[in-house]
Amino acid sequence: MRLRETIQTYLYRVIHRERRGLLPILILMVLRIFSAVYALGVNVKLSMYRWGILKQHKLPCHVISLGNITVGGTGKTPTAQRLATLIRDMGYRVVILNRGYRATWQEDIGLVSDGEKIYMTAAEAGDEAYLLAKSLPGIPVVIGKERAVTGEYAVKQLNAQVIILDDAYQHWQLARDLDIVLIDALNRFGNNCLLPRGTLREPLRNLNRAHAFLLTKVDQSTDNDRDSIRDTLARYNDKALVVESIHRPRWFIEIESWYKGVRDCGIALENVRGQAVAAISAIGNPSSFEQTIADIEVNVIDSLRFPDHHHYTMTEMQWAMERAVKKGATALVTTEKDAVKIPAEFIHSHRPLPVYVLGIEVRFLDGYEEFMHLIEETLK
């Protein structure tokens, strides 16, 4: 792993008290000081927007924000896919704005896709933006740190009627008509501490800005966990709609077919059921992915976890394949978010085992009708 990822992994274990000793204690003391400074900065900046000292930019179209209050995987990418598809099917011209996390593209505006053609690689666009572009034909994807700038581009050049801001709850520069906050039912609010001591991006009291909360992966949580989450949300915001959702596996597809976009080569879930596989992922919540595989009665005999957003090298993939063979696996299984980061050289090479990409779709459960009504009313 790269040095930055090694440090991130170590600090993650420290803040979750998985590391013991004098050094972790000293690190936590320092992180608490930085968290206090971070909290002050967040509160000052947000107050400046509330008092009108800093102005929000208003676009001449509808703007919907998807975000969360913690760092890590809550399922924003598949939720953005689902939401964009629903709104597109209502007859609106939808454009997704993504900041392009870890993208090599450094210009103010990056056109990842115009809805018909993809213009960037996963490295140039960032894995999340590239996956959105690859999985959403007909829906343009634009990256850039300043959403007001990319938003103006989306309206003027791509005729956007509805803009979806991906991961933008903390991006206060751009006014929005609807703020949707995702809450991971498995992880809830991390360790309830602010960055960098914890995983909260801002204090929980700031949940009062949300119009709707979307609880993800509720099928993997307990009733008590969900009740606890709802109680916490009601404490800070009792007016927002609460919706539950699951990540439903749809099919497996061999990575070479997935890479080429040949989706009709999908393998039915029951055809892999009972097989022994090795799971490989570099996402925010790998345990949820592995649980999803286990829930469809596929035997996960090995788990290879890399830091979130990690880009695999040829050497790493060859090592993973050799390890899977030694363990007796019949296949490697990974996520769509990981598939965009696997080298094409490895994908098209001769491999002793297949690499299956697990296709996931978000399915809304409790609160779905009210959620759709809220979106329809917002877009009127």
How does the hydrophobic cluster around Val37 look, that is, which other residues are in it when side-chain heavy atoms under 4.5 Å mark a link? none
Does Asp167 pair with Arg99 as a salt bridge, N-O distance under 4.0 Å? yes
Please list every donor-acceptor pair under 3.5 Å in which a side-chain atom of residues 272-285 meets a protein atom from a residue at least two apart or in another chain.
from   : atom 1 : to     : atom 2 : distance (Å)
Arg273 : NE     : Ile296 : O      : 3.0
Gln275 : OE1    : Thr330 : OG1    : 2.8
Gln275 : NE2    : Asn271 : O      : 3.2
Asn285 : OD1    : Ser287 : OG     : 2.8
Asn285 : OD1    : Ser288 : N      : 3.4
Asn285 : ND2    : Asp184 : OD2    : 3.0

ring-ring contact (aromatic ring centres under 6.0 Å, His included) partners of residues 311-354, not counting sequence neighbours, each pair once: Tyr259-His348, Phe306-Tyr312, His310-Tyr312
Salt bridge check: are Glu202 and Lys45 linked by an N-O gap of less than 4.0 Å? no
Kindly list each side-chain donor-acceptor pair under 3.5 angstrom involving residues 28-36, sequence neighbours excluded, with atom names and distances?
from  : atom 1 : to     : atom 2 : distance (Å)
Ser35 : OG     : Leu31  : O      : 3.0
Ser35 : OG     : Leu194 : O      : 2.9
Ser35 : OG     : Leu195 : O      : 3.2
Ser35 : OG     : Arg197 : N      : 2.9

With a cut-off of 3.5 Å and sequence neighbours excluded, list every side-chain donor-acceptor pair involving residues 365-380.
from   : atom 1 : to     : atom 2 : distance (Å)
Glu377 : OE2    : Lys380 : NZ     : 2.9
Thr378 : OG1    : Leu374 : O      : 2.7

I'd like to check the salt bridge (charged side-chain N to carboxylate O under 4.0 Å, His left out) partners of Arg102; sequence neighbours left out, ordered by chain and number. Glu5
Using only atom types and a distance under 3.5 Å, with no angle test, would you say the side chain of Gln170 pairs donor to acceptor with the backbone of Asn68? yes
Test of understanding: with side chain to side chain donor-acceptor pair (under 3.5 Å), list the residues that count as partners of Arg176, not counting sequence neighbours. Ser65, Asp179
Just by distance, do the side chain of Asp114 and the backbone of Pro140 share a donor-acceptor pair under 3.5 Å? no
Where at least one partner belongs to residues 43-87, residue pairs that pass ring-ring contact (aromatic ring centres under 6.0 Å, His included), sequence neighbours excluded: none
Measure the spacing between CG of Asp238 and CG of Asp231 and express it to the nearest 0.5 Å. 12.0 Å
Flag the pair Lys58 and Asp177 as a salt bridge only when some basic side-chain nitrogen lies within less than 4.0 angstrom of an acidic carboxylate oxygen. yes
Residues 70-128 vs ring-ring contact (aromatic ring centres under 6.0 Å, His included), sequence neighbours excluded, gives Tyr101-His309
Going by the rule side chain to side chain donor-acceptor pair (under 3.5 Å), which residues pair with Thr199 if we only count those two or more places apart in sequence or in a different chain? none
On a heavy-atom basis, which atom in Val333 and which in Phe252 lie closest, and how many Å separate them? CG1-CE2, 3.8 Å
Among all residues two or more places apart in sequence or in another chain, which pass the side chain to side chain donor-acceptor pair (under 3.5 Å) test with Asp295? Gln291
Taking every non-hydrogen atom, the tightest pair across Asp108 and Thr150: O-CG2, 3.7 Å
I'd like to know if Lys217 and Asp225 make a salt bridge, using a cut-off of under 4.0 Å between side-chain N and carboxylate O. no
The criterion is side chain to side chain donor-acceptor pair (under 3.5 Å); which residues satisfy it with Arg50, sequence neighbours excluded? none
